[in-house]
**Student:** 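Pasting a structure here, questions to come.
Everything quoted here is computed from the prediction, not taken from an experiment.
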Amino acid sequence: MSVPARRLPSWVWVTGLTAAALVGVTALAAQADQGAHPLASPKAKPSASASPHPSASPRKSAPVAVPGGSGTGRRIVYSLAQRRVWLVDATGTAGRTFTVWPGTVSPAPGRYAVSSTVASTTGTDGTKVENIVYFTVRSGVFIAFSNAQDGSSPKPSAGARTGAIRMHSADGDAVWKFGSKGTAVSVVE
């Protein structure tokens, strides 16, 4: 006569496996406790980037000076070589400076004035732009400061002739507020 096999309830299996796992972890912990322990060196040497004293505040980079020979008074200064713009107040102090992405046609060094402003349009490269501040024309191409509405700085298509001097949106807002019609623009190498 055969006796039917009895199944163990699941809680018995779970309890057994948990107990076995605890025994295994305890044995490994005891083994690890008897091994070598690393000691901290009493004279730790700082790495090349560490300093012996914490600094009170982060270091600020030196401000980029307004280029010499860019004129006097309130003006927008654009450096072709540095790809940088300064918004200079009447006292000659730069209230803001930032880098820009020039188009394929650059203005010649010299003195200009803002001739017109347009709130938004589509650039010659097909990009929707805003805060457009025009100040000259070169080789039939209008030269202006602007920023892309989506914040991008797309590279001009091969062979495209653009006079856009693009910048970040916040910088475009600043030029828009600063560069009303007649504002002096100084372009330097």
Side-chain angles (χ1 to χ4, degrees), residues 49-51 53-189:
S49 63
S51 66
H53 305 289
S55 62
S57 63
R59 291 183 193 168
K60 292 184 179 177
S61 60
V64 181
V66 177
S70 66
T72 59
R74 188 175 186 277
R75 65 199 183 281
I76 299 171
V77 178
Y78 173 43
S79 169
L80 298 167
Q82 294 183 49
R83 296 182 172 191
R84 178 173 288 278
V85 168
W86 291 260
L87 303 181
V88 182
D89 67 18
T91 66
T93 303
R96 185 180 188 112
T97 183
F98 47 89
T99 56
V100 295
W101 302 277
T104 58
V105 178
S106 295
R111 306 284 188 270
Y112 305 94
V114 172
S115 56
S116 66
T117 58
V118 176
S120 66
T121 191
T122 301
T124 55
D125 59 359
T127 303
K128 292 186 183 290
V129 293
E130 62 186 359
N131 302 325
I132 306 101
V133 177
Y134 294 96
F135 63 93
T136 192
V137 177
R138 182 159 189 204
S139 302
V141 177
F142 289 96
I143 309 292
F145 300 109
S146 65
N147 63 273
Q149 289 180 356
D150 66 1
S152 67
S153 60
K155 293 184 179 180
S157 303
R161 293 172 38 88
T162 67
I165 302 166
R166 297 277 169 82
M167 56 199 67
H168 292 288
S169 294
D171 298 326
D173 290 341
V175 170
W176 177 257
K177 291 173 186 165
F178 188 88
S180 56
K181 188 172 182 175
T183 300
V185 177
S186 178
V187 178
V188 298
E189 285 294 331

**Student:** Say whether, by atom type as modelled, one donor and one acceptor occur between the side chain of S120 and the main chain of E130 under 3.5 angstrom.
**Tutor:**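 Answer holds: no.
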**Student:** Any heavy-atom pair between the side chains of V175 and L87 that's under 4.5 Å?
**Tutor:** yes
**Student:** Kindly indicate whether the side chain of T121, heavy atoms from C-beta on, has any atom under 4.5 Å from the side chain of V129.
**Tutor:** yes
**Student:** For atom CZ of F178, is the number of surrounding heavy atoms from other residues, nucleotides or ligands below 6.0 Å larger than 12?
**Tutor:**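 More than 12 heavy atoms, drawn from other residues, nucleotides or ligands, come within 6.0 Å of this atom.
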**Student:** Any heavy-atom pair between the side chains of T127 and Q149 that's under 4.5 Å?
**Tutor:** no
**Student:** Taking the six-membered ring for Trp, are F135 and F145 closer than 6.0 Å centroid to centroid?
**Tutor:** yes
**Student:** Should V85 and I76 count as side-chain neighbours, where that means a heavy-atom distance under 4.5 Å?
**Tutor:** yes
**Student:** Using side-chain heavy atoms (C-beta onward) and a distance below 4.5 Å, is H168 in contact with F98?
**Tutor:** no
**Student:** Taking T104 for its side chain and A160 for its backbone only, find out whether a donor-acceptor pair lies under 3.5 Å.
**Tutor:**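 Between the backbone of A160 and the side chain of T104 there is a qualifying donor-acceptor contact (under 3.5 Å).
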**Student:** Does V64 form a side chain to side chain contact (heavy atoms under 4.5 Å, CB included) with W86? I'd like the steps, not just the answer.
**Tutor:** CA-CA 9 Å; V64 181; W86 291 260; 3.5 Å; yes
**Student:** Quick one, R96 with D171, criterion salt bridge (Lys or Arg N to Asp or Glu O under 4.0 Å). Give me CA distance, side-chain angles, the key distance, then yes/no.
**Tutor:** CA-CA 9 Å; R96 185 180 188 112; D171 298 326; 2.8 Å; yes
**Student:** If you draw the axis of the six-membered ring of Y78, does the NZ or CZ of R83 fall within 45° of it and under 6.0 Å from the ring centre?
**Tutor:** no
**Student:** So if I apply the side-chain contact (heavy atoms from CB on, under 4.5 Å) rule between I143 and each of I165, V137, V187, which one comes out positive?
**Tutor:** I165
**Student:** Please report the closest heavy-atom contact between K181 and S115, naming both atoms and the distance.
**Tutor:** CE-O, 3.2 Å
**Student:** How close do S169 and G151 get, heavy atom to heavy atom, and via which atoms?
**Tutor:** OG-CA, 4.0 Å
**Student:** Are side-chain heavy atoms of P102 and L80 found at a separation under 4.5 Å?
**Tutor:**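 Not in contact.
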**Student:** Measuring only between side-chain heavy atoms, which start at C-beta, is Y134 closer than 4.5 Å to V118?
**Tutor:**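 They are in contact (side-chain heavy atoms under 4.5 Å apart), so the answer is yes.
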**Student:** Just verifying a value: how many Å separate N147 CG and M167 CE, rounded to the nearest 0.5 Å?
**Tutor:** 7.0 Å
**Student:** Rounded to the nearest 0.5 Å, what separation is found between the CH2 atom of W176 and the OG atom of S146?
**Tutor:**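 The OG atom of S146 is 11.0 Å from CH2 of W176, to the nearest 0.5 Å.
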**Student:** If we only count heavy atoms from C-beta on, is the R84 to T97 side-chain gap below 4.5 Å?
**Tutor:**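 A side-chain contact under 4.5 Å exists here.
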**Student:** Output yes when a side-chain donor or acceptor of R161 lies under 3.5 Å from a complementary backbone atom of S139, and no otherwise.
**Tutor:**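 Looks like yes, one N/O pair under 3.5 Å.
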**Student:** Does a donor on one side chain and an acceptor on the other come within less than 3.5 Å for N131 and D173?
**Tutor:**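 Yes, side-chain donor-acceptor contact under 3.5 Å.
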**Student:** Provide the closest heavy-atom pair for A144 versus I132 in the form atom of the first, atom of the second, distance.
**Tutor:**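 Scanning both residues completely, I find the closest heavy atoms to be CB-CG2, 3.7 Å.
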**Student:** Is it the case that S106 and R138 place a side-chain donor and acceptor less than 3.5 Å from each other?
**Tutor:**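 Short answer, no.
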**Student:** Checking side-chain polar atoms at under 3.5 Å, does R75 have a donor or acceptor matched by the opposite partner on T183?
**Tutor:** no
